[in-house]
Amino acid sequence: MELTVALVFLVLAIIIALSAIKIVPQGREFTVERFGRYTRTLKPGISFLTPFVETIGRKVNMMEQVLDVPRQEVITKDNAAVQVDGIVFIQVMDAAAAAYRVDNLNYAIQQLAMTNLRTVVGSMELDEVLSQREAINTRLLNVIDDATGPWGVKAARIEIKDLQPPPDITAAMGRQMKAERERRAVITEADGEKSAAIARAEGAKQAAILEAEGRREAAFRDAEAREREAEAEAKATEMVSSAIARGDVNAINYFVAQRYVEAFAKLAESPQQKTVIVPAEMSALVGSLAGVGELVKTIQGDGPPPQLPPRARPARSAVPPTEA
């Protein structure tokens, strides 16, 4: 009998200990109720309750949670129907407020996100909706964060997960994108042709400049050559004039022989000439050349010019023309 009573007291002691000792895991918080009324919140770790008086009310998840926003059809400002869905990242900051100020917290936040997503997207045109997702996310975050503040919840982020325009609008957007790319290609090609034309014109300009500079340089060299030739001719004329002044007849023979040879060379170089007439007085040419030699020797030796006896005029002889 005493053993049975001891066992009963042992079981009651174990039950009382289990109801009085509570261990809260990390990332969770428990609310404590006394006769159904909230009194305090248990933090992670071990805690003690008053047996048969205090009980655990709600077990609240304090970690960041991800909630899906169901897909819905939204009419934009320009009457385009789009399919939109998203996700919301929330974190409970006050366990008591999240437990006792709203019933079914996750469902409430989902419905709040859906209604505000419809409101924000409906106030924008389709082009803005497609190009300004970041602005939509920011507006939704501000609205939902303000609405969930009294519930002890912090909305960390909200993102539009998918946005699908109608098929006909999608096809029109595809054609528009194709036309835009073709326009850019045409502009790029035109710019390339323009650059090539400019490069060709610049090259032709440089070529013309170089050619003109070449002609100028050639003309300068030709003028310089003619100047030197004129100087040499003047010097030769001066020397011959001095020789003539001293009574040297070979100077006269030098000029005659020079003109004789030049005329004969021009006669032989004529492209229209098929025959060459060789003059019979070849001895005169030889004599002129001999006179030139004597003149040169005289100039080199600085001696008196030799006096040559007058030559007899040779008789002309007819020589038949020879074929060139």
Side-chain angles (χ1 to χ4, degrees), residues 18-77 81-124 128-130 132-164:
L18 291 177
S19 62
I21 300 173
K22 296 296 180 182
I23 298 176
V24 181
Q26 184 67 37
R28 306 278 179 173
E29 290 186 2
F30 295 169
T31 61
V32 178
E33 298 177 355
R34 178 176 295 177
F35 301 114
R37 182 181 179 181
Y38 168 77
T39 57
R40 59 196 173 97
T41 302
L42 300 182
K43 301 298 182 179
I46 186 170
S47 302
F48 298 94
L49 303 179
T50 303
F52 307 110
V53 177
E54 293 179 337
T55 58
I56 298 298
R58 302 289 180 87
K59 298 179 179 180
V60 182
N61 185 358
M62 304 299 293
M63 295 181 290
E64 188 170 336
Q65 305 174 55
V66 181
L67 302 179
D68 286 329
V69 179
R71 180 181 295 273
Q72 59 179 330
E73 186 176 20
V74 181
I75 305 298
T76 61
K77 187 177 180 180
V82 293
Q83 299 287 334
V84 185
D85 62 353
I87 52 176
V88 183
F89 297 85
I90 63 171
Q91 186 176 11
V92 177
M93 309 302 295
D94 188 350
Y100 298 108
R101 289 190 178 182
V102 62
D103 187 20
N104 197 345
L105 178 64
N106 292 346
Y107 179 76
I109 294 177
Q110 284 182 350
Q111 296 302 313
L112 181 64
M114 290 180 63
T115 55
N116 283 279
L117 181 60
R118 187 181 300 112
T119 301
V120 172
V121 174
S123 64
M124 303 172 66
E128 296 176 345
V129 173
L130 296 176
Q132 300 183 9
R133 289 194 178 189
E134 190 65 28
I136 296 174
N137 296 337
T138 303
R139 292 178 59 182
L140 287 175
L141 180 61
N142 293 333
V143 173
I144 294 176
D145 190 33
D146 293 340
T148 57
W151 300 343
V153 177
K154 172 67 176 178
R157 294 184 305 277
I158 182 168
E159 302 286 344
I160 294 179
K161 187 165 59 176
D162 191 15
L163 197 153
Q164 293 182 354

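Note that these values count all heavy atoms, side chains included, but never hydrogens, waters or copies made by symmetry.
- Taken from CZ in Arg28 to CD1 in Ile23, the straight-line distance is 15.5 Å, to the nearest 0.5 Å.
- In this structure, Thr41 OG1 and Phe30 CZ are separated by 11.5 Å, a value rounded to the nearest 0.5 Å.
- The backbone N or O of Met63 lies less than 3.5 Å from a partner atom in the side chain of Asn61, making a donor-acceptor pair.
- Heavy-atom neighbours of Tyr38 OH from other residues, nucleotides or ligands within 6.0 Å: above the threshold of 12.
- At least one donor-acceptor pair closer than 3.5 Å links the side chain of Arg58 to the backbone N or O of Ala99.
- Between atom CG of residue Leu140 and atom CD1 of residue Ile136 there is a gap of 7.5 Å, rounded to the nearest 0.5 Å.
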**Q.** Full working for side-chain contact (heavy atoms from CB on, under 4.5 Å) between Lys77 and Glu128
**A.** CA-CA 10 Å; Lys77 187 177 180 180; Glu128 296 176 345; over 6 Å; no
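- What you find for Ala20 and Pro51 is that their closest heavy atoms are CB-CG, 3.7 Å.
- Listed for the Arg101 side chain is a donor-acceptor partner under 3.5 Å among the backbone atoms of Pro150.
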Q | Leu105/Val60 under side-chain contact (heavy atoms from CB on, under 4.5 Å): CA gap, chis, key distance, verdict | A | CA-CA 11 Å; Leu105 178 64; Val60 182; over 6 Å; no
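- Of all the heavy atoms in Ala108 and Val102, the pair that sits closest is CB-CG2, 3.9 Å.
- One finds the NZ atom of Lys43 at 6.0 Å from the CE atom of Met62 (value rounded to the nearest 0.5 Å).
- Between the Asp162 side chain and the Asp85 main chain, no donor and acceptor come within less than 3.5 Å of each other.
- With hydrogens and angles ignored, the 3.5 Å screen pairs no side-chain donor or acceptor of Thr31 with any backbone N or O of Ala96.
- Side-chain contact between Lys161 and Val69: absent, with no pair of heavy atoms (C-beta onward) separated by less than 4.5 Å.
- Between Ile75 and Ala81, the shortest heavy-atom distance links the atoms CD1-CB, 3.7 Å.
- Of all the heavy atoms in Val92 and Ala98, the pair that sits closest is CG1-CB, 3.6 Å.
- Applying the side chain to side chain contact (heavy atoms under 4.5 Å, CB included) criterion to Leu49, with sequence neighbours excluded, gives Lys22, Val32, Arg40, Leu42, Glu54, Ile56.
- Gln65 CD to Ile90 CD1: the interatomic distance, rounded to the nearest 0.5 Å, is 5.0 Å.
- Closest approach of Gly122 and Val74 over heavy atoms only: N-CG1, 4.0 Å.
- Atom CD1 of residue Ile144 and atom CG of residue Leu112 lie 5.5 Å apart, to the nearest 0.5 angstrom.
- Judged as a side-chain hydrogen bond (donor to acceptor under 3.5 Å, both in side chains), the pairs with a partner in residues 142-160 (not counting sequence neighbours) are, in order, Asn137-Glu159, Asp145-Lys154.
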